[in-house]
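Take a look at the structure set out below.
Being a predicted model, the structure only gives us computed values, none of them experimental. Counting starts at 1 for both ligands and their atoms, in listed order.
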Amino acid sequence: MNKSLFALAVLATLSAPAFAHQAATPFYGGQTAASGDLHVEFAIRDGGLRVWVRDHAEKPVAATGKVTLLLGGAKSEITLRADGDRLVGEAPVKTADKVVAVLALSAGGKAVSARFAQEALVQPALNAGASVGQGLFAANCASCHGPSLRGTDQGPPLLHAWYAPGGGHDDTQVLKVIGNGTQGHMWKFGDMPKPEGVKAGQEKDILAYIRAMQAANGIGAAPSAAMPAMPMDGHAGHGGHTGH
Ligand code: HEC
């Protein structure tokens, strides 16, 4: 047996129990928290909130509830309504905002509460390449990855530890995806189609923009970024990312 593979397998076994009661893998780019054997995934979109409740087997669990939102010094209460396998709520919130959200849900006959926080988006100064990339991103990528790179209902956040530089999605991989798209493998959004509006040679400017945004927003800044220590954003259950 390949030695490094063996080491990985042992590591996975040892670390599994430590994660069991922290967080599940997010399906839709949100933050996750566990309550008993239920997992809550929470995502902020421009103009609304999304909540998914799943059991230990990742099966959706019907839920009702509300979210208390702390936003710009004001507190508001958003009632969630069922929408397929998720709960949604309209709120005057942006993916770029600093937000604290406290969820009070009833799921599977139990009261479930969870607290999530998001920092305000930092817009860094951009060099020439990255600012060209910013325009290309707005035109070709933001519809799915969001104007703040924090995701939408169509695609995942790129300001996410899974995409930190030096991780499984290094520069080569990101350039390849910008050129070709990718099959869905990390989330439940489905495939990313080939970005037809991007011309050969423009990929590196888009990459420069993504890396500048990540650096300014603490993605990949700490050595532990690939496996964040924050329990609300764990990496549990994701079986590595060597399949590219
Ligand atoms: C139509 C929606 C859509 C558009 C437009 C789009 N993406 Fe994606 N992208 C996705 C989805 C969905 C995934 C997640 C696939 C998965 O499950 O891993 C993704 C994944 C990625 C990833 C991670 C790739 C990996 O190897 O896991 C990167 C980087 C990325 N997109 C960058 C971009 C950039 C840059 C653009 C613009 C040039 C762009 N995307 C345009 C939907 C989109």
*asked:* According to salt bridge (charged side-chain N to carboxylate O under 4.0 Å, His left out), who are the partners of Lys110, at least two apart in sequence or on a separate chain?
replied: Asp37
*Any Lys/Arg nitrogen of Asp171 or Lys204 sitting under 4.0 Å from an Asp/Glu carboxylate oxygen of the other?*
no
*For atom 16 (C) of ligand 1, which of His185, His160, His145 has the closest heavy atom?*
His185
_Evaluation steps, side-chain contact (heavy atoms from CB on, under 4.5 Å), between Gln118 and Lys98_ = CA-CA 5 Å; Gln118 167 177 286; Lys98 179 180 169 68; over 6 Å; no
*asked:* Is it the case that the ring center of Tyr28 lies less than 6.0 angstrom away from the ring center of Trp52?
replied: yes
_Among Leu158, Thr182, Val198, closest by any non-hydrogen atom to atom 28 (C) of ligand 1_ = Leu158
*Does Ile210 have a non-hydrogen atom less than 4.0 Å from ligand 1?*
yes
*In terms of atom number and element, which parts of ligand 1 are under 4.0 angstrom from non-hydrogen atoms of Pro193?*
1 (C)
*Could you tell me which atoms of ligand 1, counted from 1 in the order shown, lie closer than 4.0 angstrom to a heavy atom of Phe189?*
12 (C)
*Is a side-chain donor or acceptor of Gln31 paired with a backbone partner of Ala117 at a separation under 3.5 angstrom?*
yes
_When you measure from the side chain of Asn180 to the backbone of Val177, do you find a donor-acceptor pair of N or O atoms at a distance under 3.5 Å?_
no
*State the atoms of ligand 1, each with its element, that fall below the 4.0 Å cut-off from a heavy-atom position in Gly184.*
15 (C), 16 (C), 17 (O)
*Which of the ligand 1 atoms, numbered from 1, are nearer than 4.0 Å to a heavy atom of Gly190*: 12 (C), 15 (C)
_Side chain, backbone, both or neither: which applies to Lys188 and ligand 1 if a contact is any heavy-atom pair less than 4.0 Å apart?_
neither
_Nearest neighbour of atom 27 (O) of ligand 1 from the list His169, Met186, Gln183, on a heavy-atom basis_ = His169
*asked:* One residue to check: Leu136. Relative to ligand 1, which of side chain, backbone, both or neither has a non-hydrogen atom less than 4.0 Å away?
replied: neither
*Could you tell me whether Gln173 and ligand 1 have an N or O pair separated by under 3.5 Å?*
yes
Show the atom names and distances, to 0.1 Å, of all donor-acceptor pairs under 3.5 Å that link a side chain in residues 144-159 to residues at least two apart or in another chain.
unit_1	atom_1	unit_2	atom_2	d
His145	ND1	Pro156	O	2.7
Ser148	OG	Thr95	OG1	3.1
Arg150	NH1	Thr95	O	2.7
Arg150	NH1	Glu119	O	2.9
Arg150	NH2	Glu119	O	2.9
Thr152	OG1	Cys144	O	2.7
Thr152	OG1	Gln154	N	2.8
Thr152	OG1	Gly155	N	3.4
Asp153	OD1	Arg45	NE	2.8
Asp153	OD1	Arg50	NE	3.1
Asp153	OD2	Arg50	NE	3.1
Asp153	OD2	Arg50	NH2	2.9

*Counting heavy atoms only, name the option from Cys141, Gly151, Pro156 that's nearest to atom 13 (C) of ligand 1.*
Pro156
*Just by distance, do the side chain of Lys94 and the backbone of Gly47 share a donor-acceptor pair under 3.5 Å?*
no
*Does Met192 bring an N, O or S atom to within less than 2.8 Å of atom 8 (Fe) of ligand 1?*
yes
_Heavy-atom pair with the smallest gap, counting every atom of Arg211 and Tyr163_ = NH1-O, 3.1 Å
*Return yes or no for this condition: an N or O of Asp191 is under 3.5 Å from an N or O of ligand 1.*
no
